[in-house]
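Start at 1 and go down the list; that is how both ligands and their atoms are numbered.
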Amino acid sequence: MIFYLEENRIFVLETENTHYVFGIDSAGYNRHLHWGAKCDPADYAFTEIGDENSNHSMLDEYRQELTPFGSTVYRTCDLKAQFADGCREVALRYTGYRLEDDTLRVAFADAYYPLQVRLGYRVYPGLDIIKRWVEVENTGSAPISFERLFSAGFSLPGMDPYTFENTNGAWGGEFLPCRTVLDGGNLVYESHRGASNHNQSPYFIAHRGATETRGAVYFGSLAYSGNFKVIAGRDLYGITRVSLGMNDFDFSHTLEPGAHLETPPVYCGKTEGLGEMSRQMNRFCLEHLLPSRFRAETLPVLYNSWEATEFNVNVADQTRLAEIAAGIGVELFVMDDGWFGARNNDRAGLGDWFVNPAKFPGGLDELIGNVNALGMDFGLWVEPEMVNVNSHLYQAHPDWTIEIPGKPHAEGRNQRILDLTRREVQDYIIETMTNVFSSAEISYVKWDMNRTFTDYYSGALPPERQGEVAHRYVLGLYRCMRELTARFPDILFEGCSAGGNRFDLGILSYFPQIWASDDTDALCRAEIQTGYSYGYPMSVVSAHVSACPNHQTLRVTPLETRFAVAAFGICGYECNFCDLSREDFAAVKAQIALYKQWREVLQKGRFYRGRTF
Ligand code: GLA
């Protein structure tokens with residue numbers, strides 16, 4: 001519930017156990033007042049800050065909900081614009097609010113320029129989660145550019161230093177926890193990779209020595225799949241503030257007259273203990289964020305043929321694997337890379353989304369018919385955002401890739417990134433994927449994205465708008481995902497980005513599960529999956545039992561251990577089923593039966609971490 005106290009212009013966001021309070025002072029500034037236990041709203045008042053003088057700035061000390069650049073604010077700002085005459089300062093003054101059910105918009109206008117800014121808030125019954133975002137609108141007749149446009153600013157209660165938790169990971173080692181006590185200066189977590197998080201994560205978790213069960217924990221997670229920035233700082237007043245949003249390191253966004261832009265949202269909350277933080281986020285994902293079609297579903301046990309056959313797919317070998325998988329209890333058979341175009345290795349074929357006739361003379365229908373006849377659903381791998389130079393698509397549209405004219409291109413995994421800032425490229429992806437998904441009985445799609453961004457440049461944008469490439473790419477990607485998930489609501493999509501390079505609430509708004517890491521070694525995975533458990537439900541963490549010795553670490557791990565770890569996520573199998581001994585066949589069969597018996601609890605249950613790393 002959200003309510004407004006008219007006489008002192010204070011907004012109270014009431015969640016299940018907390019009050020989040022801010023208001024508008026007599027000068028029209030937005031001022032944060034309280035985040036924590038419920039109190040009597042009459043207790044909330046603006047603290048008067050001492051007189052302004054040349055060494056002490058009142059504005060700098062204010063706990064603003066969103067801090068614009070300008071005047072006597074010297075700390076991190078959340079919003080920086082450039083107006084037609086070159087002025088970059090923003091002077092926001094309150095103009096009104098709109099409260100509809102659980103959603104509040106508080107409006108501000110620049111005192112000198114035609115810019116409107118609205119701070120958005122939403123609460124969710126029964127939860128301690130608050131959604132925050134920012135809307136900007138150009139109400140004038142000349143363009144306005146933004147150099148920084150964050151989604152939210154937070155001022156944490158009290159003056160003592162906070163400990164911040166984030167991740168410091170890599171490909172094959174995602175979500176490894178890191179922890180920093182912030183007693184002064186700024187702490188930055190960010191991504192420049194075009195995707196959200198092989199390294200650091202688009203969220204903040206702040207506390208003062210909290211444990212799983214005790215101590216106030218403040219957190220906020222950005223629902224965004226591109227370059228992000230989280231800046232936490234403790235200033236000269238002892239105030240700890242956090243700002244987060246799209247990264248401004250290579251960012252600009254120009255709003256034409258009449259245009260508006262909404263930032264990606266942040267989902268934030270305050271809980272008692274780290275365990276309750278995770279359970280709040282789990283419930284929020286399961287009840288509000290994930291695609292509604294899959295929120296209540298338990299997810300199937302799948303077999304993915306990648307480790308067994310890599311690019312050497314054909315109807316006979318895949319059918320043989322499917323026969324074993326069906327006998328063992330698998331419910332969904334997935335054929336990975338290699339089924340399309342001239343895709344015999346990773347140097348050709350991406351972009352040519354038609355079935356390779358030499359490998360599948362009867363099209364996909366023949367294999368899918370075999371799989372369905374064995375009682376399993378069928379799934380397919382795609383990587384729609386990419387193209388190999390060695391492909392028909394690249395020959396036809398060499399200008400459709402992200403690259404800088406006249407400069408050598410960085411080739412990651414021998415492939416280039418399609419320019420999703422272009423509408424025609426988005427349309428191509430939507431239409432070719434629609435053809436593939438409707439060509440046969442496809443129940444699941446693994447949507448991969450296997451390289452990081454380089455060469456930030458789009459031939460479709462003028463020079464002064466090149467800073468928009470990274471964000472426009474994410475918007476283009478979301479349009480493709482939104483359109484395709486709407487056209488195919490029953491397909492179970494799994495996100496993947498060279499493992500967990502795009503594991504965030506943005507992807508999860510469209511795809512209900514994500515491949516957690518290309519490292520499937522059970523011991524590594526135990527640590528990686530623990531990392532994920534802080535901010536995401538285990539029902540979105542895709543985890544497979546793979547070969548032994550493990551392909552990434554060469555470690556020998558008992559089948560039982562590999563299953564025990566995979567069973568904490570959405571359990572699947574990837575090892576070559578043709579190599580299974582008679583004992584292992586029986587063991588895997590028993591594992592899958594056990595998993596099916598307990599998966600409701602394992603996927604949807606309340607999650608408590610015991611020992612942590
Ligand atoms: C990535 C994925 C793998 C597999 C290959 C296919 O590396 O992480 O699981 O799908 O691509 O090329």
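A centroid separation of 6.0 Å or more is found between the aromatic rings of F360 and W339.
A side-chain contact (heavy atoms from CB on, under 4.5 Å) with V545 holds for exactly one of R562, E560, E574; it is R562.
Of the possible polar contacts, one joining the E307 side chain to the A547 backbone as a donor-acceptor pair under 3.5 Å is found.
In this structure Y456 satisfies the side chain to side chain donor-acceptor pair (under 3.5 Å) test together with N227, sequence neighbours excluded.
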### Task
Go through R525 and D519 one step at a time and tell me if the salt bridge (charged side-chain N to carboxylate O under 4.0 Å, His left out) criterion holds.
CA-CA 7 Å; R525 265 303 185 105; D519 186 347; over 6 Å; no

Note down each nitrogen or oxygen pair, ligand 1 side and protein side, whose separation is under 3.5 Å; give only atom names and the distance to 0.1 Å.
from	atom 1	to	atom 2	distance (Å)
ligand 1	8 (O)	D518	OD1	2.5
ligand 1	8 (O)	D518	OD2	3.1
ligand 1	9 (O)	K446	NZ	2.8
ligand 1	10 (O)	D336	OD1	2.6
ligand 1	10 (O)	D336	OD2	3.3
ligand 1	10 (O)	W381	NE1	3.0
ligand 1	10 (O)	K446	NZ	3.0
ligand 1	11 (O)	D448	OD2	3.2
ligand 1	11 (O)	N450	ND2	3.1
ligand 1	12 (O)	D337	OD2	2.6
ligand 1	12 (O)	R413	NH1	3.0
ligand 1	12 (O)	R413	NH2	2.9

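Around atom NZ of K589, no more than 12 heavy atoms belonging to other residues, nucleotides or ligands sit under 6.0 Å away.
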